[in-house]
Q: 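Have a look at this one.
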2 protein chains.
Amino acid sequence: MKFEAVTIKDIARALGISTSTVSRALRDSYEISPETKQLVLDCAEKLNYRPNPIALSLKERRSRSIGVIVCEIANNFFSQVINGIESIAYDRGYNVIVSQSRESYEREVIDLQYLASRSVDGLLISLSTETNDLSHLKSLHAKGFPIVFFDRITEEINTHRVIVDNFRGAYDATEHLIKNGHKRIAVISNSEFLSITHERVAGYKEALIANGHEVNEHYVQHCFYGGMIFEEIEDAINKLFTQRNKPDAIFATSDKLTTGCLKTLKRRGLKVPDDVSVVGFSNTDIAELIDPPLTVVRQPAIEMGKAAIELLLQLIESKRPIKEFEKRILTPELQIRESSIKKTAKVAEDLTLRAKPIHLQE
Amino acid sequence: MKFEAVTIKDIARALGISTSTVSRALRDSYEISPETKQLVLDCAEKLNYRPNPIALSLKERRSRSIGVIVCEIANNFFSQVINGIESIAYDRGYNVIVSQSRESYEREVIDLQYLASRSVDGLLISLSTETNDLSHLKSLHAKGFPIVFFDRITEEINTHRVIVDNFRGAYDATEHLIKNGHKRIAVISNSEFLSITHERVAGYKEALIANGHEVNEHYVQHCFYGGMIFEEIEDAINKLFTQRNKPDAIFATSDKLTTGCLKTLKRRGLKVPDDVSVVGFSNTDIAELIDPPLTVVRQPAIEMGKAAIELLLQLIESKRPIKEFEKRILTPELQIRESSIKKTAKVAEDLTLRAKPIHLQE
DNA sequence: TTTATTTACGCAAACGTTCCCGATAACGAT
DNA sequence: ATCGTTATCGGGAACGTTTGCGTAAATAAA
């Protein structure tokens with residue numbers, strides 16, 4: 001199955017010169033005469049020579065590829081992040097190797113081992129929901145292996161991080177619900193281990209308090225696998241709606257939770273926003289098409305990917321070890337639509353008018 | 001920035017034995033004594049030795065990684081395909097390197113060069129919309145480089161292919177519209193160069209003919225960039241609705257076209273399905289949440305990814321060159337919801353009842 | 001003419017592995 | 001005592017490159 005490739009040796013043999021001369025000629029070294037260079041170049045062209053990146057990697061101890069670990073590729077948010085990562089990597093001559101942990105700690109560890117044994121120059125990672133032991137990352141990081149965290153980050157390892165202002169996104173979303181007359185706002189969130197959960201739930205609570213509401217822990221539901229298991233969401237909704245004081249609004253803190261929540265409500269026959277309003281973190285490009293048009297806090301996912309890989313390349317390509325690390329915080333955008341507006345006021349009507357200018361994403 | 005790694009030499013030096021012995025001990029060769037093996041294994045463990053895959057690649061002339069080229073990662077269909085690809089690759093010990101052509105021929109060529117110069121063992125590709133010259137792929141294929149096409153394929157290169165039954169998907173969708181009383185069914189499709197366009201438009205036309213309808217070329221609109229440029233879709237819709245006989249149904253043949261179409265209709269104030277029905281190819285997981293719930297032909301994207309990489313690995317790992325190639329055709333699924341049902345009949349009501357059992361995708 | 005300097009190239013080591021070939025010692029068979 | 005086996009290990013080439021060093025010839029400076 002192997003298909004033999006033409007190497008620098010083939011050129012050397014064909015021209016009766018040494019491989020070093022060929023190598024230097026190809027790299028346009030000053031110590032090769034113009035005539036020889038031309039000869040080599042022509043021959044390389046004729047033989048359709050392509051340098052072997054693997055040999056180069058071995059020599060230079062760098063593969064010009066970077067690894068990406070996310071919990072799931074087929075997810076609006078993550079696929080957009082990967083899009084951003086790939087676009088910069090392409091420009092800078094790097095390959096991106098993606099793998100998914102599927103929210104499994106075990107797989108994350110294996111993925112990491114697999115990627116890290118020097119086949120990639122650095123790593124971009126958003127932690128799996130199961131991950132609370134970080135020793136696999138710590139040992140690598142201690143050896144100087146470049147890592148940048150994004151989205152689901154950790155404070156335990158000191159390196160670059162890029163996230164959105166989750167606190168603010170949640171705060172704004174919650175406050176928006178309050179301002180629209182909601183009194184009993186529930187939140188459906190991911191595992192409590194995740195940084196995004198902390199920050200988003202904190203933003204939610206702070207908004208309640210700042211607006212004179214009480215925090216009711218019965219209104220705080222966690223889905224450990226973030227909705228990968230659909231029953232989790234159904235359970236959460238069930239718990240919320242079998243309480244004495246049923247919520248009049250739900251704030252879902254991730255893409256999958258938001259859509260899962262909407263599906264469950266629909267199947268249960270609950271009308272949005274009449275029975276319960278909904279706002280959720282989501283990067284779907286069809287929020288405006290949902291019934292009702294969905295109020296979302298949208299993350300600049302592509303920008304996050306770009307920022308993450310730029311920081312990583314900075315780490316990789318730096319001459320001396322970097323000791324100062326950056327936590328880049330991007331701004332999420334609250335896109336207000338009808339799912340969060342009670343039909344009582346005439347606000348809904350205004351909304352329809354406002355619908356057009358709101359962010360025409362391609 | 002380099003971080004030194006422990007090699008087989010370090011173990012050899014530490015134990016005062018040769019590298020060949022270490023290598024053999026690690027591979028559990030029969031010609032190494034059990035004691036030495038244990039010694040080596042312990043030492044490797046203690047030093048936290050990890051084999052260098054790059055050195056291995058150079059030696060064995062295989063990288064255990066495969067390349068994937070799609071036009072866009074952040075797309076429901078393609079991200080699901082990549083999901084499938086990654087899952088099998090993971091099991092079989094391969095890395096997946098993804099890159100996106102962004103529908104550009106030029107980028108596809110560069111991506112290919114970049115991947116193919118023996119840094120990947122094989123390629124999975126869905127062609128860009130601009131691609132009609134296939135020489136970049138042909139030359140590689142001629143050298144024996146393993147390639148498998150999926151989704152947007154070509155007949156010009158003889159190798160494995162995996163697609164869905166596009167003809168049937170389109171036929172079923174169109175016939176469904178006809179059976180529901182639609183008389184003037186338009187189609188919005190991708191570039192005419194694309195295989196998927198051919199097949200889907202052919203299915204559409206055949207369904208019309210088989211049901212006694214005429215094919216009206218004014219009802220066939222093409223968007224060259226498949227909706228990456230939003231104006232394309234708006235133009236197509238404009239053309240359709242400025243005709244004397246406005247269509248009473250639209251069949252959109254891709255994910256982006258479908259959602260783009262829906263957005264345009266909504267912004268134009270056209271109600272679905274009252275003013276015009278819609279059915280489209282789409283792999284969104286929230287079709288049921290759209291207003292109105294969207295009838296889609298859904299492709300088994302994950303399965304497509306899995307099939308494609310399995311065929312590729314078969315190509316890669318085969319001892320002798322394979323001459324018999326397979327065209328694997330998966331079956332798309334028509335998921336009927338309300339967007340394609342005229343409100344006149346009481347069909348709509350039935351539909352609501354049927355809504356639940358329809359495919360609970362996680 | 002001699003010496004110093006430049007020009008233009010080759011040799012060989014190195015990157016981390018694997019593996020073909022020997023080599024040595026121990027041991028039983030002749 | 002000699003020979004063929006077997007068990008156990010080391011030497012070194014090879015994968016495709018790059019690069020430090022050496023060196024011959026050519027040129028310039030003396």
Side-chain angles (χ1 to χ4, degrees), chain A residues 1-41 43-44 47-65 93 116-121 143, chain B residues 1-41 43-44 47-65 93 116-121 143:
Chain A
M1 199 51 289
K2 60 151 72 81
F3 67 113
E4 77 304 321
V6 18
T7 78
I8 219 171
K9 287 185 186 177
D10 298 321
I11 300 179
R13 202 175 315 120
L15 262 40
I17 58 179
S18 80
T19 58
S20 19
T21 304
V22 176
S23 172
R24 271 185 270 252
L26 291 173
R27 321 206 111 234
D28 202 25
S29 162
Y30 67 96
E31 37 183 355
I32 302 295
S33 70
E35 305 84 53
T36 312
K37 273 181 192 170
Q38 200 51 52
L39 235 54
V40 170
L41 254 34
C43 185
L47 268 56
N48 193 28
Y49 166 78
R50 301 271 168 243
N52 184 332
I54 299 205
L56 250 175
S57 294
L58 182 58
K59 186 116 246 288
E60 304 189 341
R61 295 153 131 168
R62 58 189 327 231
S63 61
R64 288 206 151 264
S65 66
S117 31
R118 299 186 312 303
S119 74
V120 295
D121 295 339
K143 279 197 280 185
Chain B
M1 200 54 286
K2 59 150 72 80
F3 67 113
E4 77 303 321
V6 18
T7 79
I8 220 170
K9 286 186 186 175
D10 298 320
I11 300 179
R13 200 173 319 118
L15 262 42
I17 57 179
S18 80
T19 59
S20 12
T21 305
V22 176
S23 173
R24 271 184 272 254
L26 291 173
R27 322 207 112 234
D28 203 27
S29 161
Y30 68 96
E31 39 184 355
I32 301 295
S33 71
E35 305 84 50
T36 312
K37 273 181 191 168
Q38 200 51 50
L39 234 52
V40 170
L41 254 34
C43 185
L47 269 55
N48 193 30
Y49 166 77
R50 303 271 167 243
N52 184 332
I54 299 205
L56 251 175
S57 295
L58 181 58
K59 186 116 243 289
E60 303 188 343
R61 294 151 131 170
R62 60 191 325 232
S63 62
R64 289 205 150 263
S65 65
S117 32
R118 299 187 314 302
S119 74
V120 295
D121 295 341
K143 279 197 281 185

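Residue numbers start from 1 in every chain, and the chains themselves are labelled A, B, ... in the order their sequence lines are given, proteins ahead of strands. Note: hydrogens, waters and symmetry copies are ignored here, and every other heavy atom, side chains too, is used.
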Q: Pick base, sugar-phosphate or nothing for Ile17(B), based on heavy-atom distances below 4.0 Å to the nucleic acid.
A: sugar-phosphate
Q: Could you tell me the separation between the CD atom of Gln38(A) and the P atom of dA8(C), rounded to a whole number of Å?
A: 15 Å
Q: Distances under 3.5 Å only, N/O to N/O: pair up the protein atoms with those of nucleotides 13-20 of chain D.
A:
{"from": "dC15(D)", "atom 1": "OP2", "to": "Lys9(A)", "atom 2": "NZ", "distance (Å)": "3.0"}
{"from": "dT17(D)", "atom 1": "OP1", "to": "Tyr49(A)", "atom 2": "OH", "distance (Å)": "2.9"}
{"from": "dT17(D)", "atom 1": "OP1", "to": "Asn52(A)", "atom 2": "N", "distance (Å)": "3.1"}
{"from": "dT17(D)", "atom 1": "OP2", "to": "Ile8(A)", "atom 2": "N", "distance (Å)": "2.7"}
{"from": "dT17(D)", "atom 1": "O5'", "to": "Tyr49(A)", "atom 2": "OH", "distance (Å)": "3.2"}
{"from": "dT18(D)", "atom 1": "OP1", "to": "Arg27(A)", "atom 2": "NE", "distance (Å)": "2.8"}
{"from": "dT18(D)", "atom 1": "OP1", "to": "Arg27(A)", "atom 2": "NH2", "distance (Å)": "3.2"}
{"from": "dT18(D)", "atom 1": "OP2", "to": "Ser23(A)", "atom 2": "OG", "distance (Å)": "2.6"}
{"from": "dT18(D)", "atom 1": "O2", "to": "Lys59(A)", "atom 2": "NZ", "distance (Å)": "3.1"}
{"from": "dG20(D)", "atom 1": "O6", "to": "Arg24(A)", "atom 2": "NH1", "distance (Å)": "3.4"}
{"from": "dG20(D)", "atom 1": "O6", "to": "Arg24(A)", "atom 2": "NH2", "distance (Å)": "2.9"}

Q: Within this structure, what is the CG-to-P distance between Leu47(B) and dG16(C), rounded to whole angstrom?
A: 14 Å
Q: Can you tell me how far apart CD1 (Ile32(B)) and OG (Ser20(B)) are? Round to the nearest 0.5 Å.
A: 8.0 Å
Q: Dump the intermediate steps for side chain to side chain contact (heavy atoms under 4.5 Å, CB included) on Ser63(B) and Ser57(B), then the final yes or no.
A: CA-CA 5 Å; Ser63(B) 62; Ser57(B) 295; 4.2 Å; yes
Q: Between Leu15(B) and Val40(B), is a side chain to side chain contact (heavy atoms under 4.5 Å, CB included) present by the stated rule, with each step listed?
A: CA-CA 8 Å; Leu15(B) 262 42; Val40(B) 170; 3.9 Å; yes
Q: Measure CZ/Arg62(A) against C1'/dG16(C) and give the value in whole Å, please.
A: 18 Å
Q: Among Leu26(B), Asn52(B), Thr21(B), which residue satisfies the side-chain contact (heavy atoms from CB on, under 4.5 Å) criterion with Ile8(B)?
A: Leu26(B)
Q: Using rotation axes that map the C1' atoms of four end pairs onto the next four (five pairs an end), what angle separates the end axes of the helix from dT1(C)-dA30(D) to dT30(C)-dA1(D), to 10°?
A: 70°
Q: Over all strands shown, is Ser57(B) touching base, sugar-phosphate only, or nothing at heavy-atom distances under 4.0 angstrom?
A: nothing
Q: Rounded to the nearest Å, what distance is computed from the CG atom of residue Asp28(B) to the P atom of nucleotide dT8(D)?
A: 13 Å
Q: Rounded to the nearest Å, what distance is computed from the CD1 atom of residue Ile54(A) to the P atom of nucleotide dA14(C)?
A: 23 Å
